[in-house]
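To start, the structure itself, in structure tokens.
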Protein chains: 2
Amino acid sequence: MNRREQIFQTSIKLMKNKGYVGTSMRDIASGMSIEAASLYNHIKGKEDILTDNCFELANKFIDSLNTILKSDEKPLDKLHTFISNHVNILVGNMDAAHVFLYEWKHLSEPHYSKFLSMRDEYEQGLRRILKDDESNNNFENSSYKMVVISVLSSLNAIEQWYKPDGEIKVEELCNILSKILINGIKEL
Amino acid sequence: MNRREQIFQTSIKLMKNKGYVGTSMRDIASGMSIEAASLYNHIKGKEDILTDNCFELANKFIDSLNTILKSDEKPLDKLHTFISNHVNILVGNMDAAHVFLYEWKHLSEPHYSKFLSMRDEYEQGLRRILKDDESNNNFENSSYKMVVISVLSSLNAIEQWYKPDGEIKVEELCNILSKILINGIKEL
DNA sequence: GTATAACTAACAAACGTTAGTATGTAATTG
DNA sequence: CAATTACATACTAACGTTTGTTAGTTATAC
């Protein structure tokens with residue numbers, strides 16, 4: 001593996017526990033058993049780590065969304081695919097996902113604004129998918145924001161408890177979450 | 001209002017935007033138009049702010065839970081009360097809730113462990129309420145953790161979008177969220 | 001005259017980062 | 001094949017700032 005990749009991976013693990021600001025370059029260096037100054041042979045600065053991580057994941061989510069929107073699946077199937085893709089991206093990048101979800105606010109401009117607009121694009125995409133599904137086209141308009149964020153929050157919460165090596169397989173995870181979200185907890 | 005309370009309120013607002021570590025004592029002081037050293041006439045140190053904030057809210061949640069558990073409501077009503085109480089605590093403390101939700105990891109021992117155990121107690125309480133509700137007693141055991149965290153995540157997400165002065169009233173908010181969670185998004 | 005609440009000045013430590021240098025290994029050249 | 005160049009990776013030392021905090025002092029109010 002690239003040395004730069006190793007630095008990213010080490011950093012992300014540390015930042016998951018202590019946050020972006022709370023993780024110093026010396027912490028990262030120490031995690032790799034080198035000196036802080038040595039890191040600068042491979043990255044331009046601390047913010048590289050956060051920026052790269054956030055946009056790598058953001059791009060994965062947006063790519064997934066665009067594929068779904070362009071597909072000719074039926075609306076309800078699109079929703080299932082959306083959930084499945086979202087879960088798989090999270091599960092495939094557990095540490096990175098945590099930093100992505102909770103540390104993006106420390107991005108500096110213009111990255112900060114760019115990130116927010118991508119997040120908005122993603123939320124609007126989910127909104128589009130929900131609206132196209134006629135089985136629930138009786139939402140009030142003011143409810144959509146709520147529904148979209150509720151769904152995304154439940155999905156993103158996976159990162160807090162899911163153990164990739166545990167007994168629950170990813171497909172199973174997607175199925176249960178789809179049921180919970182679409183049919184409610186009473187139908188599980 | 002107490003000067004100490006003013007400091008807390010100013011700090012929490014700043015920490016919501018820049019995080020606990022990213023907010024310096026000088027930032028806080030500047031927000032109150034005084035010098036950093038003056039803060040120490042009213043608080044013992046920076047961590048006071050985080051600790052007090054986190055446990056003030058944690059206690060509110062635990063108190064709410066215990067009241068519900070001791071009540072003689074029917075299980076489904078208990079769930080509704082749980083949701084309603086949770087939402088009301090969040091909405092009544094929007095800024096504080098954000099710091100509570102996302103900055104608690106910077107607590108130092110023994111506060112960190114205490115906080116985690118209180119969070120666990122709260123999650124177990126919701127689990128108890130869900131289990132007592134016979135209308136969904138067909139959960140698999142491994143699903144409870146998922147359901148509990150999904151529900152709490154959806155509720156906590158309120159803090160990200162809800163405007164207390166907007167058009168959606170709190171009661172309405174509780175009703176819609178209850179429906180989404182219990183009956184799923186297809187039934188809204 | 002005792003609190004309350006502010007100030008200035010300073011502290012040691014930690015921060016991100018730069019400069020300059022050493023070392024080994026791979027690639028290029030005579 | 002041997003000599004030389006280039007690159008990757010690490011180092012020590014230091015920089016200017018910012019950090020949380022303490023000490024000691026001053027002004028206002030009941």
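Proteins come first, then strands; the chains are lettered A, B, ... in the order of their sequence lines, and each starts at number 1.
Distance, B:R26 CZ to C:dA14 C1': 13 Å, rounded to whole Å. Whole-Å rounding puts the A:L39 CG to C:dT18 P distance at 13 Å. One interatomic measurement links the two molecules: OH of B:Y40 to C1' of C:dT8, which rounds to 16 Å at whole-angstrom precision. Between A:I28 atom CD1 and C:dA14 atom C1' there is a gap of 14 Å when expressed in whole angstrom units.
DNA chain C lies under 4.0 Å from at least one heavy atom of each of the following residues of residues 42-52 of chain B: B:H42.
Between B:I68 and B:L79, the closest side-chain pair of non-hydrogen atoms is not below 4.5 Å. In this structure the side chain of B:R119 reaches within 4.5 angstrom of the side chain of B:L116, judged on heavy atoms. Side-chain contact between B:Y162 and B:V170: present, with at least one pair of heavy atoms (C-beta onward) separated by less than 4.5 Å.
As judged by a 4.0 angstrom heavy-atom cut-off over every strand, A:S24 is placed among residues touching the sugar-phosphate backbone only.
Taking the six-membered ring where tryptophan is involved, the planes of A:F115 and A:F55 are perpendicular, since the angle between them exceeds 60° and thus also 30°. Taking the six-membered ring for Trp and thresholds of 30 and 60 degrees, A:F61 and A:H86 have ring planes inclined between 30 and 60 degrees apart.
Counting only N and O atoms by type, the side chains of A:D27 and A:S30 include no donor and acceptor under 3.5 Å apart.
Between A:T51 and the options A:K46, A:K44, A:H106, A:H111, a side-chain contact (heavy atoms from CB on, under 4.5 Å) holds for only A:H111. Just one of A:K16, A:Q160, A:E159, A:E103 meets the side chain to side chain donor-acceptor pair (under 3.5 Å) condition when paired with A:H98; it is A:E159.
Contacts between chain B and DNA chain D, taken as any atom within less than 4.0 angstrom of a protein heavy atom, begin and end at D:dT19 to D:dA23.
Considering only the side chain of B:N41, C:dA6 comes nearest among C:dT8, C:dC15, C:dA6.
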